[in-house]
Protein chains: 2
Amino acid sequence: MSGRDPAVDQEAPTRDRLIATAIRLFGERGIEATSMRALTDAAGANIASVNYHFRSKEGLLRAGIDRAMRALNDERRRRLDELEAAPEPPSVADLVRVFVEPGLALASPRGQSAAVARFIGRVLSEPSPRIRETVAEQLYPVDARFLAALGRALPDRDEGGIKFVYASMVGLLGVWQSGALDQLNRAPGQRVTPGTTTADAERVIAFITAGILAGSR
Amino acid sequence: MSGRDPAVDQEAPTRDRLIATAIRLFGERGIEATSMRALTDAAGANIASVNYHFRSKEGLLRAGIDRAMRALNDERRRRLDELEAAPEPPSVADLVRVFVEPGLALASPRGQSAAVARFIGRVLSEPSPRIRETVAEQLYPVDARFLAALGRALPDRDEGGIKFVYASMVGLLGVWQSGALDQLNRAPGQRVTPGTTTADAERVIAFITAGILAGSR
DNA sequence: GTCTATACGAAGATAGAC
DNA sequence: GTCTATCTTCGTATAGAC
């Protein structure tokens with residue numbers, strides 16, 4: 001494992017190169033499977049730079065979560081603002097679309113979108129309580145707004161019911177983002193199908209919308 | 001970390017004690033977070049016994065997946081047999097129930113059910129290709145039967161559509177089994193709510209059933 | 001303020017004695 | 001089958017150069 005990652009801007013400061021490389025490699029290979037030596041090598045940085053800038057591998061991971069999820073959640077908030085500026089209140093289908101689309105069609109300046117999406121999907125399924133805490137902190141401002149909007153769109157549900165359907169949406173989106181199901185239903189040894197395409201977005205939105213609406217009619 | 005796990009039968013052979021302890025500790029603490037030294041200590045075995053019986057930590061994990069998922073999938077197949085013995089063909093709701101209920105209400109002789117469910121949820125979100133392969137092998141015989149049954153219940157869908165809804169069901173169940181969403185929507189610092197209860201099973205079934213049926217009407 | 005060379009303890013894996 | 005000793009690689013810490 002030697003040589004730099006050509007997708008990383010070598011002119012950027014070390015700190016930024018480390019975060020960009022972390023999102024890419026954690027997304028592509030997995031977090032545990034990526035050693036700090038391979039990561040700093042790909043970023044063109046010294047092994048000790050991680051400790052200097054982030055204190056630990058987990059600190060670098062948190063910085064990656066911050067960067068990747070902040071952009072995503074800013075976009076979600078922006079689109080929710082638009083939706084709520086309209087005269088009629090948003091439907092459940094509208095809310096699901098606004099939450100899911102930015103996740104499935106991540107726009108990234110350096111074309112890292114697939115790796116970023118996988119990174120977020122992986123982070124959402126991390127068992128470590130500290131990572132979960134970081135994710136929850138990033139998601140909390142968005143959580144609050146979507147839960148309120150869902151509550152208005154589904155006045156017959158209690159708080160537990162709203163939280164349940166919101167968590168199901170977040171979880172299912174994370175599953176698709178992580179590509180965890182790409183290997184499902186293959187005969188043993190058969191090769192893996194590509195991954196979620198943007199064409200699948202409509203199916204994901206339809207599935208989640210119907211799931212949320214279940215029981216209201 | 002010293003002392004044996006009281007829940008593990010000390011009379012059982014070393015190999016079985018290791019598998020039982022692995023399912024329990026991997027489920028409770030996470031796979032990466034469980035060291036082989038701590039695991040063998042809890043199982044009352046020597047550190048080298050893992051290498052002898054399973055060649056590696058991953059080999060032990062695979063044995064745990066085999067044991068935990070085989071019981072689950074046997075139960076699914078048994079209930080699917082019952083369903084298909086009836087005169088009228090099973091509905092989508094029936095199929096979802098048969099697949100989801102054994103996952104959410106795992107019956108275990110030693111009351112390890114919660115740990116087993118979390119173990120399976122974690123395994124389903126493992127990024128390692130070799131673990132995914134093992135899971136896919138275990139799931140494949142069940143996959144084939146459920147996909148066929150879903151195809152019969154939804155004659156208007158093509159193969160891709162059937163695979164999509166099946167994968168969504170597997171993924172969403174895994175999310176709930178892993179408890180990954182317990183921490184969602186808490187103010188930062190707030191304590192974590194318990195976990196999925198059996199009472200939630202009906203909501204999960206309703207959500208998935210509606211999601212699968214979306215687009216057929 | 002940044003970055004590098006180097007060292008330390010713990011992890012998983014393994015060889016060979018018993 | 002089981003155990004001790006040992007190997008490599010991991011994440012992390014520190015001293016000091018620029």
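Residue numbering restarts at 1 for every chain, and letters A, B, ... go by the order of the sequence lines.
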May I have the distance from Asp41(A) (atom CG) to dT9(D) (atom P), rounded to whole angstrom? 15 Å
Any Arg15(A) side-chain nitrogen or oxygen under 4.0 Å from OP1 or OP2 of dT2(C): no
Provide, to the nearest angstrom, the distance between the CG atom belonging to Asn51(B) and the P atom belonging to dT6(D). 18 Å
Report which part of the nucleic acid Thr34(B) touches: base, sugar-phosphate, or nothing (heavy-atom distance under 4.0 Å, all strands). sugar-phosphate
Side chain of Ile47(B) only, heavy atoms from C-beta on: which candidate in dT4(D), dG11(D), dA11(C) is closest? dT4(D)
Calculate the interatomic distance between Arg29(B) atom CZ and dA11(C) atom C1'; express it in whole Å. 15 Å
Side chain of Ser35(A), heavy atoms from C-beta onward: which of dG12(C), dT14(C), dC10(D) has the nearest atom to it? dC10(D)
From CE of Met36(A) across to C1' of dA7(C) the rounded distance in Å is 18 Å
Reading DNA chain C from 5' onward, which residue's closest nucleotide shows up sooner: Ala48(A) or Tyr52(A)? Tyr52(A)
Under 4.0 Å between a side-chain N/O of Ser49(B) and OP1 or OP2 of dC3(D), yes or no? no
Side-chain atoms of Lys57(B) come closest, of dA13(C), dG11(D), dT14(C), to dA13(C)
Does Glu11(A), at its CD atom, have more than 12 non-hydrogen atoms belonging to other residues, nucleotides or ligands within less than 6.0 Å? no
From CG of Leu60(B) over to C1' of dA13(C), roughly how many Å is that when rounded to an integer? 14 Å
Out of curiosity, Ser125(B) OG to Arg132(B) CZ, how far, rounded to the nearest 0.5 Å? 9.0 Å
Just how far, in rounded Å, is C1' of dG1(D) from CZ of Phe54(B)? 13 Å
Candidate nucleotides dC10(D), dG1(C), dT2(D), ranked by approach to the side chain of Thr14(B) - the nearest: dT2(D)
What is the distance from CG of Leu25(A) to P of dC10(D), rounded to the nearest Å? 14 Å
Over 12 foreign heavy atoms within 6.0 Å of CZ, Arg78(A): yes
When you measure from the side chain of Arg17(B) to the backbone of Ala43(B), do you find a donor-acceptor pair of N or O atoms at a distance under 3.5 Å? yes
Audit row: Glu159(B), Lys163(B), salt bridge (Lys or Arg N to Asp or Glu O under 4.0 Å) steps and yes/no: CA-CA 6 Å; Glu159(B) 191 189 345; Lys163(B) 284 188 176 182; 3.4 Å; yes
Can you check whether Asn46(B) has a side-chain N or O nearer than 4.0 Å to OP1 or OP2 of dT4(D)? yes
Could you state the CZ-P distance from Arg55(B) to dG1(D), rounded to the nearest angstrom? 17 Å
Taking OP1 and OP2 of dG1(C), is either one under 4.0 Å from a side-chain nitrogen or oxygen of His53(A)? no
Of Gly44(A) and Ser56(B), the one whose closest DNA chain C nucleotide lies more 5': Gly44(A)
